[in-house]
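Just so it is clear, the values below take in all heavy atoms, side chains as well, and ignore hydrogens, waters and symmetry mates. Residue numbers count from 1 along this sequence.
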Amino acid sequence: MPADPSKPEIVLQGVPASPGVAHGEAFVFLQKELEIPVYQVEAKQRRGEIARFEEAIKATRVQISKLRAEVAERLGEQEAQIFDAHLLVLEDNALIDETIRELNESGYNIDYCFHSVAKRFIEAFGKIDDEYLKERVTDIRDVTRRVLLNLLGHSSAALARLGGQRVIVSEDLSPSDTASFDKGSVLGLVTNAGSSTSHAVIMARSLQVPAVVGLNDVTARIDNGDHVLVDGYEGLVIVHPTDQTLFRYGRIQERRRDIRKVIEAVIPLPCVTLDGERVQLLANIGGPEDIEEVGKFKAEGVGLYRTESLFIRRDRFPDEEEQLEAYKKVVETLRPQPVTIRTLDLGGDKRTSAMHFTQQEENPFMGFRAIRFCLEHRDIFREQLRAILRASAYGKVKIMYPMISGVGELIQANLVLDEAKRELRAKQLAFDDEIEVGSMIEIPSAAWTADQLAGHCTFFSIGTNDLIQYMLAVDRVNDRVAHLYEPAHPAVLRAIHHVVEAARPRGLKVAICGEMGGDPLFAPLLVGLGAAELSITPAGLPEVKYLLRSAKLAELKLLATTVLQQSDPKNTLKLLRRFYTEHMGELARPDLSS
């Protein structure tokens with residue numbers, strides 16, 4: 001419907017969070033504060049209050065588990081893992097025990113006690129200047145609201161029933177809000193707060209719903225029913241767009257759809273440069289539920305199978321047979337294509353209630369995680385390795401260790417692998433005795449000792465996400481320093497080049513399994529630097545393949561040589577954008593028709 005011509009067009013600039021363009025009527029979604037009753041409970045009734053609390057916890061657990069299953073089915077395992085953190089909140093003994101203690105000490109009703117305790121937790125975490133912990137505040141707030149609604153006997157405010165197609169305008173959105181969307185009803189998202197890495201935004205991208213966040217006071221500037229255009233590419237929200245604006249954006253959208261068709265035409269074709277060099281494009285997955293996407297975009301196998309999702313979703317570690325079943329399903333389905341299985345990478349932002357024996361850490365990303373956890377709990381590690389080895393009897397499997405910091409850890413991990421092999425031989429269980437073993441390079445110490453690591457593994461996989469964070473000492477989800485997270489930084493690019501050169505004398509292949517590999521700006525550079533494989537989110541494969549097929553390897557190497565001489569990341573980005581534009585041609589200009 002057209003905007004009201006009597007109202008002037010207003011252009012608001014926010015942060016682009018999910019690509020796409022949408023326009024329609026606004027639905028201003030403001031969650032009201034719950035009214036929590038407060039009254040005294042006699043001592044003899046307190047056991048009943050605790051039982052009511054336990055029932056609310058149980059009901060909330062069922063709701064979140066159901067929501068998780070729905071999201072896994074609709075969007076995939078990676079998006080569903082967001083709700084594992086919510087389930088962990090319900091297992092937090094501190095929150096539960098403190099609530100019961102409050103009940104016994106104050107004598108107030110359990111609803112009020114839980115609300116008071118949860119509020120204290122949220123306020124305490126909110127004061128900590130750490131973006132990871134602030135993201136946990138969002139989880140706690142979302143879960144505690146669910147518990148309170150169950151205690152009060154209320155239903156949640158559902159965005160699933162909008163009564164038509166709308167652009168949601170809100171202060172902020174929780175993952176639960178986003179998961180309840182009816183994709184056909186929600187045209188776009190606009191929020192006061194939020195960041196491009198929040199859980200709700202990740203969900204929006206998976207749903208392919210355009211989103212703009214960080215608009216500060218947008219809920220005060222847009223009314224229900226206002227006509228709104230959301231540009232998720234540029235981070236623009238246009239209120240009361242004129243006919244000319246709508247016409248221009250309509251042509252841009254048509255152009256983008258045409259471009260997508262051209263790019264997706266390469267899906268069934270091999271990834272070969274103009275001078276005949278083959279580049280392997282593989283997929284990153286979180287479990288068997290992602291196999292369909294691997295086939296849809298014709299990935300040449302799996303370069304990163306994240307196994308921690310098997311562990312996070314439950315309150316105990318899965319046994320060998322449970323793990324084997326999950327690994328085997330992927331390996332058998334994709335045979336003869338390779339499947340690289342990363343061993344357990346728990347810790348940091350990936351925790352499970354089964355890790356109750358580990359201490360809370362001030363800096364978990366650089367603490368007791370990944371290979372460090374596995375080498376201290378070798379029974380858990382060995383059990384996983386046995387399951388992976390047994391899966392190798394059903395297809396091509398590679399093993400990859402995360403967060404290796406030096407030769408000592410790699411040697412220890414291989415010793416545990418040898419133990420697992422001996423145990424399987426003793427039981428006469430089949431496995432590939434020549435299975436390839438790789439080391440992830442995601443810590444600076446590993447990058448600079450890659451020549452030593454090369455003697456104890458058969459391939460490297462560079463995890464660029466962590467490598468950049470550790471190399472530059474930047475937490476990329478911390479708004480105060482996120483601008484310093486720079487993949488084009490010369491230290492990062494020189495480290496990648498150094499790893500490739502260290503691998504060359506021993507003939508080791510180097511793969512990239514971080515977000516850089518899926519970025520069309522950086523993919524040509526990485527291949528030019530010597531990466532033989534790129535493992536990325538399946539949906540990102542077509543554009544990367546199209547671009548690599550449009551260039552010669554010699555051009556990619558020249559680009560890499562030129563970039564390595566740059567000292568300013570801005571100059572590097574200019575070179576990468578120029579290369580992209582030259583090789584994509586008109587496809588690089590989606591607004592050509594405007």
Side-chain angles (χ1 to χ4, degrees), residues 1-30 159 162 164-173 177-178 181 183 185-198 200-205 207-260 479-480 482-483 521 570 573-574 577 580-581 586-594:
M1 60 170 284
D4 184 346
S6 67
K7 295 182 178 179
E9 180 176 276
I10 303 170
V11 180
L12 307 175
Q13 179 69 61
V15 177
S18 180
V21 174
H23 59 88
E25 287 187 12
F27 176 84
V28 181
F29 177 68
L30 300 175
L159 285 173
L162 289 176
Q165 294 187 312
R166 300 285 189 274
V167 172
I168 306 299
V169 180
S170 180
E171 293 175 355
D172 200 359
L173 289 170
D177 294 329
T178 318
F181 287 169
K183 189 178 183 296
S185 297
V186 178
L187 298 173
L189 302 179
V190 178
T191 64
N192 290 345
S195 71
S196 60
T197 57
S198 73
V201 165
I202 291 169
M203 299 275 290
R205 281 199 290 266
L207 287 164
Q208 297 182 319
V209 172
V212 178
V213 301
L215 285 149
N216 298 318
D217 61 347
V218 71
T219 50
R221 304 185 70 172
I222 296 177
D223 295 323
N224 266 323
D226 278 353
H227 198 59
V228 176
L229 186 144
V230 182
D231 180 350
Y233 297 105
E234 302 297 329
L236 297 176
V237 174
I238 303 175
V239 191
H240 314 306
T242 63
D243 288 342
Q244 291 89 340
T245 297
L246 292 174
F247 179 72
R248 178 167 58 86
Y249 269 97
R251 297 186 68 188
I252 291 172
Q253 278 294 81
E254 286 179 16
R255 175 68 180 162
R256 288 187 184 276
R257 281 194 291 268
D258 291 342
I259 289 171
R260 194 67 199 169
D479 290 340
R480 296 182 68 178
H483 64 286
L521 281 184
K570 292 179 182 177
L573 288 171
K574 285 180 183 176
R577 290 191 184 104
Y580 178 86
T581 301
E586 291 187 352
L587 300 186
R589 299 191 294 279
D591 58 345
L592 190 68
S593 61
S594 64

Query raised in the report: Does a sphere of radius 6.0 Å around CD in E234 hold more than 12 heavy atoms from other residues, nucleotides or ligands, not counting ones at 6.0 Å or beyond?
Result: no

Query raised in the report: Nearest heavy-atom pair of E171 and T219: which atoms, and what distance?
Result: N-CG2, 3.6 Å

Report summary line: Distance col, row H240:NE2 vs D226:CG, nearest 0.5 angstrom, shows 4.5 Å

Query raised in the report: To the nearest 0.5 Å, how far apart are CD1 in I222 and CG in D217?
Result: 9.5 Å

Report summary line: So CD of E25 and CG of D223: to nearest 0.5 Å the spacing works out to 12.5 Å

Requested in this report: Please assess V21 against L229 for the test side-chain contact (heavy atoms from CB on, under 4.5 Å), listing each intermediate value before the final yes or no.
Outcome: CA-CA 7 Å; V21 174; L229 186 144; 4.2 Å; yes

Query - Residue pair V228 / A26: nearest heavy atoms and the distance that separates them - result: CG2-CB, 3.9 Å

Report task. Supply the atom-to-atom distance L236 CG to T245 OG1, rounded to the nearest 0.5 angstrom. Result -> 10.5 Å

Query raised in the report: Considering the options N224, I168, L189, which one meets the side chain to side chain contact (heavy atoms under 4.5 Å, CB included) requirement together with F29?
Result: I168

Report task. Is it possible for you to check whether R256 lies under 6.0 Å from the centre of the six-membered ring of Y233, through NZ or CZ, and within 45° of that ring's axis? Result -> yes

**Report entry** Candidate list V213, T191, L215, test side chain to side chain contact (heavy atoms under 4.5 Å, CB included), partner V15, passing option
**Finding:** V213

Query - Heavy-atom side-chain proximity of H23 to V167 below 4.5 angstrom - result: no

Report summary line: Test side chain to side chain contact (heavy atoms under 4.5 Å, CB included), reference R221, set L12, V237, V239, output is L12

Query raised in the report: Just by modelled atom types, is the L187 backbone N or O under 3.5 Å from a matching donor or acceptor in the Q165 side chain?
Result: no

Query - Interatomic distance, Q13 atom CD to N216 atom CG [nearest 0.5 angstrom] - result: 11.5 Å

Query raised in the report: In Å and rounded to the nearest 0.5 Å, what is the NE2 to CD1 distance from H227 to I238?
Result: 10.5 Å

